[in-house]
Amino acid sequence: MRRSISIALCTSVVLGALSVPAGTAFAASGEAAVGAVEGHRGGLGHLFVDDLRTDSDVSAIRAVVHRPGEDVAVETVHDFALVEGDRKTGDWRTEREVRLEITGRFSVDLVVTETDGDETTFKDAGTYDYTAKRAIEGFDVDNPSPTLDNRAFTASGRVVEWQPVTHERTPVAGAAVTVKYGDTFGIFGDTNAKGEFRYAFNASASGAKLAVRAFSQGAEPSEVRTVAPVPTSARITLTPATPVLTGKVGDRVTVRGTAEYRGADGTFKPLRDARVHMTGTSTPVRAYTAADGSFAFKQTIPGGSVTSDQVHLYYGQWLTNKPSGDITYRRVGVTSIHDFSVSLDAYAQLTVNGRVAIRDAALPHRNVDLQWSRTGRGGWVKVSTLRLEGSGFFSATVPAPPTGYYRAVYKNTAFVTGSVGPVLYAGRAETRIKDFNASPEPVRKGGTITVTGTLLHRTPEWKAYGGKPVLILFRPKGSDQWYLMTEVKSAANGGFRKNFREVGDGSWVAVHAYPNSKHLVSAGTEDYVDVK
């Protein structure tokens, strides 16, 4: 018959697989160890058996303490009690401190008896280190379940030196102690005269359940204490409550709000240092709340089909929910004016062409203003309002000043930017007939009429315009028809003169009607003549 017993001790000595001595009814497999545990598991002066595994329940454990290499028992211990697990798989510890009259390192034989009567002896299963040693006692935390209302806790304990014969515990002053809370270490220079140490922590920002343990040179680590924060709910309040972020694609606009958590009294309170982030955008955005729970960060107006987004609050495991707030994007369309051109003809008629283009929106209105300025640097006045075609093109011919600068202006709305086209010059020199006269008045029937005048052009002052054609026309009384009587050229001083035989009552007029590309047609100047 073979049975399997596995024993391990958490002391400094762990033996390999032990074979059962000859004559036993079963063999041991796995690791077996026994020893004095001077630390967090067994306590100073006790023997501790770690993870004893048997086929049937353990009914008794006996430890024989002796000098290494000798078989004479210095002490035999029977009072092992189960401290964790069950009688088939468990940890065992002596109920009393094992006192010896001499110090040193002793070997321990372990004898395990099961309820079915089987007994197994492990020779030299472990070591009882019966020498002076340091330990950390009374280690604890004062707030193992912190809340967001009270995140602070203090880890404390004391360092003692244990004496093997008397089992006295003497405080160790000036001992360096390190307390580890999760990945956070608090380092102390000295314990006080009573061997005590204290270190204050704030519960982890992640709110995670973390272990706390103390370490001191030459001493077993302390027992482990767990700090398990109590989570609560939280909320985000955006300003305004349902914000609409308005702007052009690529604009940076501000998102504002407040983060709060539900306190132990049920009221909502500011949540500081919480992470706020956006989802659904190509550019991650991250911010942290201030002491009053407020946050503000810049968000880029996205292009494409994205019309909404969410603001999320993250505060690790402190929160039982996942607070969020909804925002909506309203893209402002961007307009621009292209292919703008102007051309002034000889009759001061301006031909205008161009195109209004828009991005990220539809055109909200179909009008574009044509504006004129004498200098092109200010003093703009509207000449005409032009209608856009379906594709955004505009084209028109309108009366215009003889010279000046022109631009096309598309007015903005709440959701579309306005735009101004390039400034272009168009102009021709004005011409006019000065001192026009048909005489004499009245004229005798069959008499001669003399037509005179001076042709001028403005460049920019009015000056004689010589060598240019002037048309002389006549319109009989009661007629709408003008008749060309002749064409003359102005003299060097701009003057012209022509004699005609009278042709009846009517109006005479002189016009500079064939200008070059830089001049306008002159306005007609009439003079009525009666025939007597």
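Note that the numbering runs from 1 along the sequence shown for the chain. This structure is a prediction, so every number in the text was calculated from the model and none was measured.
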Taking only Lys NZ, Arg NE, NH1 and NH2, and the carboxylate oxygens of Asp or Glu, determine whether [X] and [Y] approach each other closer than 4.0 Å.
| X | Y | answer |
| --- | --- | --- |
| Glu137 | Arg169 | yes |
| Lys133 | Glu220 | no |
| Lys269 | Asp149 | yes |
| Arg355 | Asp339 | yes |
| Arg225 | Glu223 | yes |

Original post:
How are the rings of Tyr199 and Phe201 set to each other: parallel, tilted or perpendicular (split at 30° and 60°)?
Top reply: perpendicular
Subject >> Mutual orientation of the aromatic rings belonging to Tyr465 and His457 [parallel < 30°, tilted 30-60°, perpendicular > 60°] >> reply: parallel
Original post:
Hey, is the main chain of Leu344 close enough, under 3.5 Å, to the side chain of Arg428 for a donor-acceptor pair?
Top reply: yes
Original post:
Between the main-chain N or O of Gly90 and the side-chain N or O of Asp51, is there a donor-acceptor pair closer than 3.5 Å?
Top reply: no
Quick one: are [X] and [Y] in side-chain contact, heavy atoms under 4.5 Å?
| X | Y | value |
| --- | --- | --- |
| Phe297 | Val276 | yes |
| Pro364 | Phe415 | no |
| Phe340 | Asn353 | no |
| Thr397 | Val352 | no |
| Leu388 | Leu363 | yes |
| Val177 | Phe197 | yes |

[X] NZ/CZ over [Y] ring centroid, <6.0 Å and within 45° of normal:
| X | Y | result |
| --- | --- | --- |
| Arg275 | Tyr314 | yes |
| Arg134 | Trp162 | no |
| Arg235 | Phe268 | yes |

Original post:
If we ignore angles and hydrogens, is there a donor and acceptor under 3.5 Å between the side chains of Lys298 and Thr254?
Top reply: yes
Original post:
Does a donor on one side chain sit under 3.5 Å from an acceptor on the other, for Asn192 and Glu196?
Top reply: yes
